[in-house]
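Note sheet for the following structure.
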Amino acid sequence: MSFRAILRTKPAFVAPSVRPVAFTAVRFASGGGAHAHETESYESFNSRYQTFFTSVGDLFELQRGLNNCFAYDLVPSTQVIDAALRASRKVNDYATAVRILEGVKEKVENKNQYQAYLDELKPTIEELGITTSEQLYNKN
C-alpha cells in the first residue's frame with residue numbers, strides 16, 4: 001500500500017474527545033477579607049507607600065510599587081510622589097520619574113489639581129533635575 005493510500009484510509013477506531021473537568025478558581029488571601037488593605041485609611045495608605053518607596057532597591061521593585069500604588073481609586077499624597085521620584089532617581093531611571101508625574105496628571109480630576117501637585121513638588125523636581133512631559137514637548 002502506498003503512503004497516500006494510507007493517508008486516505010479512515011482509521012478503524014477514533015478516540016472520543018476528552019473534555020477537561022471544570023475547575024473552580026479559588027483565591028486564597030491572608031488577613032481578613034479578600035483584600036488585606038480593604039479598609040485602609042488614606043493616611044496609612046500614604047505612610048505605607050512612602051515607606052515602601054524610600055526603601056526601594058531596584059527598578060523592578062519601584063515599578064511594581066508604582067503599579068500597585070496607582071491602581072487604587074485615589075491620588076497619592078505629594079509625600080508619596082516625592083518618595084517615588086527620589087526612588088526613581090536612586091535606581092537611575094529618569095524615564096520612570098517623568099512617568100510618575102504623567103501618572104499624577106492622569107489621576108487628578110483637573111489641571112488645577114495637577115498644577116498644585118507640581119507647585120508643591122517643585123523643589124524636589126528641580127533638585128532631581130526632572131523635566132515634566134509638558135516641558136519636554138513644549139505643551140501647556
Side-chain angles (χ1 to χ4, degrees):
M1 191 182 261
S2 72
F3 181 70
R4 288 184 186 204
I6 293 173
L7 290 177
R8 288 186 190 147
T9 60
K10 293 183 181 178
F13 173 76
V14 177
S17 61
V18 179
R19 294 183 184 206
V21 178
F23 291 99
T24 305
V26 178
R27 181 176 176 174
F28 295 101
S30 60
H35 304 287
H37 304 289
E38 195 170 322
T39 58
E40 185 177 32
S41 70
Y42 184 68
E43 290 76 23
S44 63
F45 168 85
N46 287 322
S47 173
R48 179 167 57 99
Y49 277 103
Q50 188 173 3
T51 303
F52 175 84
F53 288 127
T54 49
S55 65
V56 161
D58 63 358
L59 180 60
F60 174 79
E61 192 176 355
L62 171 64
Q63 290 175 341
R64 181 178 58 88
L66 287 169
N67 190 31
N68 292 337
C69 180
F70 279 92
Y72 286 86
D73 191 25
L74 51 82
V75 184
S77 70
T78 54
Q79 292 85 7
V80 173
I81 302 302
D82 181 89
L85 290 171
R86 291 181 186 282
S88 68
R89 297 303 280 158
K90 182 170 92 173
V91 298
N92 198 23
D93 191 28
Y94 181 80
T96 298
V98 175
R99 291 295 177 131
I100 291 168
L101 296 175
E102 289 177 347
V104 170
K105 184 177 182 179
E106 291 298 319
K107 292 290 281 185
V108 296
E109 293 179 2
N110 55 49
K111 289 183 180 182
N112 293 335
Q113 288 179 347
Y114 177 61
Q115 191 58 49
Y117 266 81
L118 290 179
D119 292 343
E120 192 163 338
L121 292 168
K122 187 174 183 171
T124 303
I125 291 171
E126 289 177 354
E127 175 189 342
L128 300 175
I130 300 168
T131 308
T132 64
S133 59
E134 294 83 14
Q135 293 168 332
L136 285 170
Y137 301 115
N138 294 324
K139 295 180 188 177
N140 288 327

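Since the structure is predicted, the reported quantities are computational estimates derived from the model, not experimental observations. Sequence positions, counted from 1, serve as the residue numbers for this chain.
- The nearest pair of heavy atoms linking Val80 to Cys69 is CG1-SG, 4.1 Å.
- A donor-acceptor pair under 3.5 Å is absent between the side-chain atoms of Ser47 and the main chain of Glu43, judged by distance alone.
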Taking only distance into account, with no hydrogens and no angle test, what donor-acceptor pairs under 3.5 Å do side-chain atoms of residues 83-90 form with protein atoms, sequence neighbours excluded?
from: Arg86; atom 1: NE; to: Asp82; atom 2: OD2; distance (Å): 3.0
from: Arg86; atom 1: NH1; to: Glu127; atom 2: OE2; distance (Å): 3.1
from: Arg86; atom 1: NH2; to: Glu127; atom 2: OE1; distance (Å): 3.1
from: Ser88; atom 1: OG; to: Leu85; atom 2: O; distance (Å): 2.7
from: Arg89; atom 1: NE; to: Leu128; atom 2: O; distance (Å): 3.2
from: Arg89; atom 1: NH2; to: Leu128; atom 2: O; distance (Å): 3.4
from: Lys90; atom 1: NZ; to: Thr54; atom 2: O; distance (Å): 3.4
from: Lys90; atom 1: NZ; to: Val56; atom 2: O; distance (Å): 2.7

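- Residues Phe52 and Asn68 form no side-chain contact, since every pair of their non-hydrogen atoms from C-beta on lies 4.5 Å or further apart.
- Residues Gln63 and Thr96 have side chains in contact (heavy-atom distance under 4.5 Å, counting atoms from C-beta outward).
- A continuous path of ILVMFWY side-chain contacts below 4.5 Å connects Ile130 to Leu136, so both sit in one hydrophobic cluster.
- Here Leu118 contributes atom CG and Thr124 contributes atom OG1; the two are 11.5 Å apart, rounded to the nearest 0.5 Å.
- Atom CG of Asn110 is surrounded by more than 12 heavy atoms from other residues, nucleotides or ligands within 6.0 Å.
- In this structure, the side chain of Tyr49 does not engage the main chain of Ser77 through any donor-acceptor pair within 3.5 Å.
- Among pairs with a residue in residues 91-105, those fulfilling salt bridge (charged side-chain N to carboxylate O under 4.0 Å, His left out) read Arg99-Glu102, Lys105-Glu134, at least two apart in sequence or across chains.
- Leu101 places none of its side-chain heavy atoms less than 4.5 Å from the side chain of Tyr117.
- Judged as a side-chain contact (heavy atoms from CB on, under 4.5 Å), and not counting sequence neighbours, the contacts of Leu74 are Tyr42, Phe45, Tyr72.
- Using a 4.5 Å cut-off on side-chain heavy atoms (C-beta onward), Ile100 and Ile81 make contact.
- A continuous path of hydrophobic side-chain contacts links Tyr137 to Val98 [ILVMFWY only; heavy atoms under 4.5 Å].
- Checked by atom type and distance alone, the side chain of Gln135 never pairs as donor or acceptor with a backbone atom of Thr131 at under 3.5 Å.
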